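The structure under discussion appears below in the form of structure tokens.
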Amino acid sequence: MKITYDPGQKNLETAQPPDALSRAEAYGVDTTLLRLALTWTPTQRLEALQSMIDLAAEAAKAQAAKAQAAKSQAAKSRARCDPRRASHDSEPERSS
Amino acid sequence: MTLNLKDLLEHLFQHDVEFVIVGGVAANALGSTLATFDLDICYARTPENLERLAAALTSLHATLRDAPAGLPFRPDAATLKAGLNFTFNTDLGPLDILGEIAGLGTYNQVAAAAEGLDLFGMPMQVLTLQGLIAAKRAAGRPKDQAQLLELEALQELRTELHNNTYSVDSA
């Protein structure tokens with residue numbers, strides 16, 4: 001029996017497997033972007049890749065800075081809520 | 001260190017290293033739109049090329065990636081000869097050097113499946129779409145599925161483009 005790839009095609013004898021473009025599109029590949037990339041030179045394509053790499057690096061750096069700021073903030077909050085510190089802070093002043 | 005593609009390729013080119021660009025960078029040079037963050041090359045394992053590659057790696061302060069910190073390593077020709085595939089961090093970003101590629105073979109087979117492209121004004125050897133597809137199929141990793149489908153789509157688009165150009169030219 002012939003294997004069909006397209007559930008919309010009822011006749012297994014005449015069913016054709018989808019072409020590479022349809023398979024890729026079904027998987028979420030943006031073939032419009034591929035068509036556009038093919039109008040560029042190989043160097044232009046690598047320049048676009050370099051831009052993606054640089055953007056990802058910037059995003060990672062910003063993310064790390066944000067995580068570091070959150071960590072510092074959490075440490076400050078913990079220090080403020082520290083019972084030892086709280087009891088120290090609330091110690092009654094000694095009368096002279 | 002973030003990959004600096006142009007400078008890394010230039011560095012290898014200036015050291016006369018005999019290599020073929022493979023992996024994600026090759027795929028991007030041929031039209032893929034999937035991001036990659038390292039440069040993969042397949043290198044010739046002749047004594048002369050190992051010397052040139054070792055010199056290029058040394059001047060880039062190459063260290064083994066994912067190896068325990070402080071693990072002594074010197075990328076000299078003898079070390080490269082003793083191994084086959086290495087993953088490095090360098091001053092110009094991550095670089096993977098492969099002595100052979102599953103589905104294709106050693107450097108000579110990979111070079112036979114490569115095409116010459118001008119990249120950043122330098123003549124470079126880049127693995128063809130057919131070669132990349134063969135390598136991805138041989139690797140058979142689930143994570144390569146999206147790239148494999150994209151490469152096959154690219155191949156079809158290039159054929160379509162070629163046929164259209166041909167029919168326009170011959171009209």
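The sequence lines fix the lettering, A, B, ..., with proteins before strands; numbering per chain opens at 1. Just so it is clear, the structure is predicted and the values come from calculations on it, not from any experiment.
Per-residue counts of heavy-atom pairs under 4.5 Å with chain A were compared for B:L34, B:T36, B:L148; the largest is that of B:T36.
Neither the backbone nor the side chain of B:V126 has a heavy atom closer than 4.5 Å to any heavy atom of chain A. If you measure heavy-atom distances from B:Q155 to chain A, you find no contacts under 4.5 Å at all. When heavy atoms are compared at a cutoff of 4.5 Å, B:L5 approaches chain A by way of both its backbone and its side chain. With a 4.5 angstrom heavy-atom cutoff, B:E156 touches chain A only via side-chain atoms.
The shortest side-chain heavy-atom distance between A:V29 and B:E150 falls under the 4.5 Å cut-off. At least one side-chain heavy atom of B:L154 sits less than 4.5 Å from a side-chain heavy atom of A:L38. Considering only heavy atoms from C-beta on, A:R23 comes within 4.5 Å of B:E152 through its side chain.
Going from atom CG of A:L49 over to atom OG of B:S32 covers 8.5 Å, rounded to the nearest 0.5 Å. Within the model, atoms CG of B:N4 and CG of A:D54 stand 8.0 Å from one another, a figure rounded to the nearest 0.5 Å.
A:T43 approaches B:F120 most closely through the heavy-atom pair OG1-N, 2.9 Å. Scanning all heavy atoms of the two residues, the minimum distance from A:P42 to B:L119 falls at CB-CD2, 3.5 Å. Residue B:T33 comes nearest to A:A37 through the heavy atom pair CG2-CB, 4.3 Å, listed as atom of the first residue, atom of the second, then distance. When every heavy atom of A:M52 is checked against every heavy atom of B:N28, the shortest pair comes out as CE-OD1, 4.3 Å. The two residues B:A29 and A:L46 come nearest to each other via the heavy atoms N-CD2, 3.7 Å.
Within residues 139-147 of chain B, the residues that have a heavy atom under 4.5 Å from a heavy atom of chain A are B:Q145, B:A146, listed by number.
Scanning for side chain to side chain donor-acceptor pair (under 3.5 Å) contacts around B:H15 gives an empty result, with sequence neighbours left out.
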